[in-house]
Amino acid sequence: MAKSSATKDAQALFHSLRSAYAATPTNLKIIDLYVIFAISTALIQVVYMAIVGSFPFNSFLSGVLSCIGTAVLAVCLRIQVNKENKEFKDLPPERAFADFVLCNLVLHLVIMNFLG
């Protein structure tokens, strides 16, 4: 009996999350997909390193840190672009995107420098 109530609770939770996410604007969903892509790319690199080996370790670290850093910057962009976030209500979306692009440029310049 406890399993069926736990299953019903889990289904209710997933249903409420799905209905709440359906109301999310399209631009935030696109940013979410980008974050998922960046994290999955980092995970693929970690699995590849575990299977094949990490001979050029700097390359492995650069790739993973690039993916994780890009995902973190995309989450920051999502927070700034979200209309429901009152903290950044005066920040125009164009400025948030320009900050995202500039920070990505700096991140990837540091990553390229780390490669050697």
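Keep in mind that this is a model prediction, so the values were computed, not measured.
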> Which atom names give the shortest non-hydrogen contact between T41 and C67, and what distance separates them?
CG2-SG, 3.6 Å

> Do L61 and V106 sit in the same hydrophobic cluster, where Ile, Leu, Val, Met, Phe, Trp and Tyr count as joined when their side-chain heavy atoms come under 4.5 Å apart?
no

> Quick check: do Y21 and D32 have side-chain heavy atoms less than 4.5 Å from each other?
yes

> Can you name the closest pair of heavy atoms from Q80 and D99 and give their distance?
OE1-OD2, 4.5 Å

> Could you list the donor-acceptor pairs under 3.5 angstrom formed between side-chain atoms of residues 82-92 and any protein atom two or more places apart in sequence or on another chain?
unit_1 : atom_1 : unit_2 : atom_2 : d
N82    : OD1    : E84    : N      : 3.2
N85    : OD1    : E87    : N      : 3.3
N85    : ND2    : I79    : O      : 3.1

> Between H108 and N104 (side chain of the first, backbone of the second, donor and acceptor by atom type, cut-off under 3.5 Å), is there such a pair?
yes

> Side-chain contact, heavy-atom cut-off 4.5 Å: L77 with L73?
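Answer no - side chains too far apart.
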
> Taking C-beta and beyond as the side chain, do D9 and L13 meet within less than 4.5 Å on heavy atoms?
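No, every pair of side-chain atoms sits at 4.5 Å or beyond.
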
> Within the supplied structure, the quantity of interest is the number of heavy atoms (other residues, nucleotides, ligands) at a distance under 6.0 Å from F97 CZ; does it exceed 12?
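Atom CZ in F97 is not crowded, with 12 or fewer foreign heavy atoms closer than 6.0 Å.
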
> Identify the two heavy atoms, one from T24 and one from K29, that lie closest to each other, and give their separation to 0.1 Å.
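Distance-wise, the nearest heavy atoms are O-CE, 3.3 Å.
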
> Do V101 and I31 belong to the same hydrophobic cluster, where Ile, Leu, Val, Met, Phe, Trp and Tyr are linked whenever their side-chain heavy atoms lie under 4.5 Å apart, directly or via other members?
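Yes; tracing contacts between hydrophobic side chains, which count when under 4.5 Å, links both residues.
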
> Determine the minimum heavy-atom distance between S66 and T70, stating which atoms define it.
O-OG1, 2.7 Å

> According to a 4.5 Å side-chain heavy-atom criterion applied to Ile, Leu, Val, Met, Phe, Trp and Tyr, with indirect links allowed, do F57 and L43 form part of one hydrophobic cluster?
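Yes, F57 and L43 fall within the same hydrophobic cluster.
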
> So which atom in G69 and which in L107 form the shortest heavy-atom distance, rounded to 0.1 Å?
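Looking at all heavy atoms of both residues, the closest pair is C-CD2, 3.7 Å.
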
> Heavy atoms, side chains only, cut-off 4.5 Å: are I68 and I39 in contact?
yes

> Check whether F114 and M49 end up in the same hydrophobic cluster, where Ile, Leu, Val, Met, Phe, Trp and Tyr are linked by side-chain heavy atoms less than 4.5 Å apart.
yes

> To the nearest 0.5 Å, what is the distance between NZ (K8) and NE2 (H15)?
15.5 Å

> Which residues pass the side-chain contact (heavy atoms from CB on, under 4.5 Å) test with L102, sequence neighbours left out?
none

> What residue among I111, V110, N113 forms side chain to side chain contact (heavy atoms under 4.5 Å, CB included) with S62?
I111

